[in-house]
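Comments concern the structure below.
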Amino acid sequence: MSLNQAVLIGRLTKDPELRYTPSGVAVAQFTLAVDRPFTNQNGEREADFIPVVVWKAVAENVANYVKKGHQVAITGRIQVRNYENNEGRRVYVTEVVGQYVQFLTNTSNGTSQTGNGRQNSTNNQGTNSAGDGWNISDEDLPF
């Protein structure tokens with residue numbers, strides 16, 4: 001028996017990049033900034049920047065509804081892949097393949113959406129619903 005599951009809450013560092021495979025399957029890639037739960041020696045918060053890839057309808061929904069700075073929750077799995085670059089060197093990539101994406105940043109109509117198309121009502125405008133006490137607006141983000 002094996003288990004490979006990742007659950008992340010963070011903010012996009014830039015708009016998602018949507019592409020289509022030659023067979024027409026949608027794929028979107030983006031980087032998620034996830035705050036570490038502690039401060040460094042200078043008392044500052046640090047973040048990890050985690051590459052995420054999503055496929056099919058989830059990819060199209062993410063590309064249509066999520067932008068740089070938006071907060072999302074992702075459930076997926078960690079994947080390690082490799083390829084040979086132009087210089088003949090083997091390159092290893094570790095990324096999260098997102099299966100479910102919950103949009104946590106409110107839209108103008110007061111709802112947040114999941115990456116699989118469902119809509120959920122929410123009242124937490126501009127707050128971090130992870131329960132860690134942070135209340136950061138999009139304007140405060142450095143990216």
Side-chain angles (χ1 to χ4, degrees), residues 1-85 89-143:
M1 178 181 196
S2 60
L3 176 66
N4 181 355
Q5 186 169 7
V7 179
L8 304 169
I9 294 177
R11 294 188 182 269
L12 275 73
T13 61
K14 62 181 181 177
D15 290 351
E17 297 175 17
L18 178 66
R19 295 188 318 263
Y20 290 89
T21 66
S23 61
V25 178
V27 57
Q29 293 180 302
F30 55 92
T31 300
L32 198 65
V34 179
D35 287 332
R36 293 181 178 170
F38 53 86
T39 57
N40 64 18
Q41 292 178 347
N42 298 328
E44 300 167 339
R45 285 259 181 206
E46 293 181 351
D48 291 301
F49 298 90
I50 301 170
V52 178
V53 61
V54 290
W55 292 86
K56 300 181 180 178
V58 176
E60 291 176 330
N61 284 332
V62 164
N64 288 331
Y65 296 107
V66 180
K67 303 294 177 216
K68 174 183 173 181
H70 284 192
Q71 187 178 43
V72 297
I74 296 174
T75 303
R77 62 183 172 80
I78 296 173
Q79 170 180 280
V80 179
R81 60 182 172 88
N82 65 77
Y83 63 93
E84 193 172 300
N85 68 9
R89 293 188 179 158
R90 181 77 39 206
V91 177
Y92 290 88
V93 178
T94 302
E95 59 197 359
V96 171
V97 179
Q99 295 165 317
Y100 301 100
V101 176
Q102 174 75 43
F103 305 160
L104 301 177
T105 299
N106 286 344
T107 60
S108 61
N109 64 4
T111 62
S112 64
Q113 293 185 340
T114 60
N116 57 11
R118 295 188 310 247
Q119 288 193 341
N120 299 319
S121 291
T122 181
N123 294 324
N124 60 342
Q125 287 190 331
T127 62
N128 182 338
S129 63
D132 61 3
W134 286 57
N135 188 5
I136 301 173
S137 70
D138 290 346
E139 293 80 36
D140 294 334
L141 294 173
F143 44 82

ask   = Does the side chain of Tyr20 pick up a donor-acceptor pair with the side chain of Glu60 at under 3.5 Å?
value = yes
query = Quick one: do the Gln79 and Glu95 side chains pair a donor with an acceptor below 3.5 Å?
reply = yes
request  = Could you give me the CA-CA distance, side-chain angles and deciding distance for Val101 and Val54, then say whether side chain to side chain contact (heavy atoms under 4.5 Å, CB included) is met?
outcome  = CA-CA 9 Å; Val101 176; Val54 290; 4.0 Å; yes
note = Smallest heavy-atom separation, Ala63 atom then Pro16 atom, equals CA-CG, 4.3 Å
Val53 vs Trp55 side-chain heavy atoms within contact, under 4.5 Å = yes
inquiry  = Phe30 vs Thr13, test: side chain to side chain contact (heavy atoms under 4.5 Å, CB included). Steps then yes/no.
reply    = CA-CA 8 Å; Phe30 55 92; Thr13 61; over 6 Å; no
request  = Kindly give the heavy-atom pair with the smallest separation between Ala33 and Phe49, and that separation in Å.
outcome  = CB-CE2, 3.6 Å
inquiry  = Is there a side chain to side chain contact (heavy atoms under 4.5 Å, CB included) between Val58 and Tyr100? Walk through the geometry before answering.
reply    = CA-CA 7 Å; Val58 176; Tyr100 301 100; over 6 Å; no
CD on Gln102 to CD on Gln71, rounded to 0.5 Å = 10.5 Å
inquiry  = What's the separation between atom OG1 in Thr75 and atom CG in Leu8, rounded to the nearest 0.5 Å?
reply    = 8.5 Å
remark   = Of Val72, Thr105, Leu32, the one forming a side-chain contact (heavy atoms from CB on, under 4.5 Å) with Arg11 is Thr105
query = When you measure from the side chain of Asn4 to the backbone N and O of Ile78, does any donor-acceptor pair fall under 3.5 Å?
reply = yes
key: Main-chain N/O of Ile50 paired with Asp48 side-chain donor or acceptor, under 3.5 Å   = no
note = side-chain contact (heavy atoms from CB on, under 4.5 Å) with Ile9: of Leu104, Val34, Ile74, only one passes, and it is Leu104
request  = State, to 0.1 Å, how close Lys68 and Asp15 come at their nearest heavy-atom pair, and which atoms those are.
outcome  = N-OD1, 2.7 Å
task = Output yes when a side-chain donor or acceptor of Arg45 lies under 3.5 Å from a complementary backbone atom of Arg36, and no otherwise.
result = yes
request  = Please step through side chain to side chain contact (heavy atoms under 4.5 Å, CB included) for the pair Lys67 and Lys14, ending with a clear verdict.
outcome  = CA-CA 7 Å; Lys67 303 294 177 216; Lys14 62 181 181 177; over 6 Å; no
note = Heavy-atom nearest pair, Asn82 first then Arg90, reads OD1-NH1, 3.0 Å
message = Measuring from atom CG of Asn61 to atom CZ of Phe103, what distance do you get when rounded to the nearest 0.5 angstrom?
response = 5.5 Å
task = For residues Val91 and Glu84, determine if any side-chain heavy atom of one lies less than 4.5 Å from a side-chain heavy atom of the other.
result = no
